[in-house]
Amino acid sequence: MPELPEVETVARGLRHAIVGRRIISVSLGKTDFIDDPAALEQHLPGRRIEAVERYGKFMLLRLSAVNGETRIAVNGDASSSLLVHLGMTGQIVPSRAGQPREKHTHVCMLLDDGRELRYTDARRFGRIAYLTKALLAAELTKFGADPLEVSKEQFADRICGRRARIKSLLLDQRVLRGVGNIYADESLWKAKIHPARLGAMLSRKQANKLRLALQGILQKAIVLRGSSISDFLDAEGQPGEYQRHHRVYGREGKGCYRCKTPIRRAIVAGRSSYFCPRCQHSPRGFAVLSLPGKKGRKTKRRRAPTGSGRAPHDEKSQGRKGKSP
DNA sequence: CGTTGAACCTGTTTGC
DNA sequence: TGCAAACAGGTTCAAC
């Protein structure tokens, strides 16, 4: 659910709600989506949340040194951060500590005002990592430009002259940080560019048109607190409103808002992609080979249901992502 | 360089 | 009604 506008919305709500609070203790549920679970338990207690920022689809909780000792600055470890990615179904919400926990609640941080900052994520596609200043800096290097701030030249440089499809480039976090499937399709529709066009096929003028479309859409979506398609709720439990303004996403078969032609869906860059076949000219060679309806079809991903049955409450404790020592 | 498909995991919707 | 497939806002990795 969370792309840039949704993450921005959550970050703003969180900023208002928890900046200045100190973390008293941490309790964990399933931890296979956490880089180093033990690090959370070891380093979070005692730290104060100094700021909440967004970086692409990540949220960054900036943490103080332990026990309020400011001016430690000696080893650079004094300032560290909690990196949070919501994946597809992640939610992070402050609740009163006494309230019953939602299902799939995997991280609870008790705060010094009696509330608990809770992270819930049914699919656990999210990610949480405790990072020192140096490790965070290294991590952030992997991502591309902020789509809201990228200049005309930067954008064109990153798109034109690439042989990948434009949809793939928009979704590539190394190119732009924060764009996901909904806003990629919406901006391509607005700029009248087919998702399967190659970056190299766009003129710099077209690239700029796409950049402006993307920025306008993201800004409006932020104002409307994001898109709530099924269950997205911000840090205050409010749904967004931008889904009412979607022009193509999820509108297969319905008339294009510009020309009434039925919106089509195809798989581009491995994702469902919605577009108007009339407004968004398909590139030559874009056969209808990527028709939906038969994507992961022949896959019998059913591993003996009883096979190596694992205990009902098996708690994996190893992070699945490689560490970076 | 690029693309595709599978994998990670769970829940909901859709179709026969 | 019931069951199984399809699908979901994301990311990563192997294979080609």
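No experiment lies behind these values; they were computed from the predicted model shown. Chain A is the first sequence line, chain B the second, and so forth, proteins listed ahead of strands; every chain is numbered from 1.
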Separation of atom [atom1] in [X] from atom [atom2] in [N], rounded to whole Å:
| X | N | atom1 | atom2 | value |
| --- | --- | --- | --- | --- |
| Arg271(A) | dA6(B) | CZ | C1' | 14 Å |
| Leu171(A) | dT12(C) | CG | P | 13 Å |
| Arg165(A) | dG2(B) | CZ | C1' | 9 Å |
| Asp172(A) | dG10(C) | CG | P | 13 Å |
| Met59(A) | dG9(C) | CE | P | 19 Å |
| Tyr183(A) | dG10(C) | OH | P | 10 Å |
| Leu224(A) | dG9(C) | CG | P | 20 Å |
| Glu241(A) | dG9(C) | CD | C1' | 17 Å |

**Request:** Please work out if Ser228(A) contacts a base, only the sugar-phosphate, or nothing of the nucleic acid, heavy-atom cut-off 4.0 Å.
**Result:**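 Base contact - Ser228(A) has a heavy atom under 4.0 Å of at least one base atom.
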**Request:** Identify whether any heavy atom of Tyr274(A) sits under 4.0 Å from a base atom; if not, whether one sits that close to sugar-phosphate; answer base, sugar-phosphate or nothing.
**Result:**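 Sugar-phosphate, no base atom in range.
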**Asked** What residues form a side chain to side chain donor-acceptor pair (under 3.5 Å) with His246(A), not counting sequence neighbours?
**Response**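 His246(A) satisfies side chain to side chain donor-acceptor pair (under 3.5 Å) with Ser227(A) once adjacent residues are dropped.
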**Request:** Please test Ser272(A) against Arg265(A) for side-chain hydrogen bond (donor to acceptor under 3.5 Å, both in side chains), starting from the C-alpha separation and ending with a verdict.
**Result:** CA-CA 6 Å; Ser272(A) 268; Arg265(A) 180 169 74 100; 2.5 Å; yes
For atom [atom1], what is the distance between [N] and [M], given to the nearest Å?
| N | M | atom1 | result |
| --- | --- | --- | --- |
| dT12(C) | dG11(B) | C1' | 22 Å |
| dA5(C) | dA6(B) | P | 15 Å |
| dC9(B) | dC3(C) | P | 25 Å |

**Asked** According to the 5.5 Å centroid and 30° plane-angle thresholds, does Phe125(A) stack upon the nucleobase of dC9(B)?
**Response**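 Stacking is absent between dC9(B) and Phe125(A), given that the ring centres and planes do not meet under 5.5 Å and under 30°.
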**Prompt:** Is the closest basic N to carboxylate O distance between Glu3(A) and Lys57(A) below 4.0 Å?
**Reply:**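 Here Glu3(A) does not pair with Lys57(A) in a salt bridge, since their nearest N and O are not under 4.0 Å apart.
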**Message:** Regarding Glu50(A) and Arg62(A), does a basic nitrogen lie under 4.0 Å from an acidic carboxylate oxygen?
**Reply:** no
**Arg258(A) atom CZ, over 12 foreign heavy atoms within 6.0 Å** = yes
**Asked** Listed by chain and number, what are the side-chain contact (heavy atoms from CB on, under 4.5 Å) partners of Gln42(A), not counting sequence neighbours?
**Response** none
Which of these nucleotides, [options], is closest to any side-chain atom of [X]?
| X | options | value |
| --- | --- | --- |
| Arg265(A) | dT3(B), dC7(C), dG10(C) | dC7(C) |
| Glu3(A) | dA8(C), dG10(C), dT3(B) | dG10(C) |
| Arg124(A) | dT3(B), dA8(C), dC9(B) | dC9(B) |

For nucleotides 11-14 of chain B, tabulate all protein N/O to nucleotide N/O atom pairs closer than 3.5 Å, reporting atom names and distance.
from: dG11(B); atom 1: OP1; to: Lys103(A); atom 2: NZ; distance (Å): 3.2
from: dG11(B); atom 1: OP1; to: His104(A); atom 2: NE2; distance (Å): 2.6

Phosphate OP1/OP2 of [N] contacted by [X] side-chain N/O (<4.0 Å):
| X | N | result |
| --- | --- | --- |
| Ser272(A) | dC7(C) | no |
| Lys57(A) | dG9(C) | no |
| Gln173(A) | dG10(C) | no |

**Message:** Taking Leu224(A) as the starting point, is it possible to reach Val179(A) by hopping between hydrophobic residues whose side chains are less than 4.5 Å apart?
**Reply:** yes
**Asked** What side-chain hydrogen bond (donor to acceptor under 3.5 Å, both in side chains) pairs are there with at least one residue in residues 184-198 of chain A, not counting sequence neighbours?
**Response**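 Residue pairs with at least one partner in residues 184-198 of chain A: Lys167(A)-Asp185(A).
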**Request:** Report the residues that fulfil salt bridge (charged side-chain N to carboxylate O under 4.0 Å, His left out) with Arg165(A), sequence neighbours left out, ordered by chain and then residue number.
**Result:**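 Arg165(A) satisfies salt bridge (charged side-chain N to carboxylate O under 4.0 Å, His left out) with no residue once adjacent residues are dropped.
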**Asked** In which stems does DNA chain B show up, taking only runs of three or more Watson-Crick or G-U wobble pairs whose two distances fall under 3.5 Å?
**Response** B:2-8 with C:10-16, B:10-16 with C:2-8
**Message:** Applying side-chain hydrogen bond (donor to acceptor under 3.5 Å, both in side chains) to Gln154(A) and Ser151(A), what does each step give before you reach the verdict?
**Reply:** CA-CA 5 Å; Gln154(A) 278 176 290; Ser151(A) 72; 3.2 Å; yes
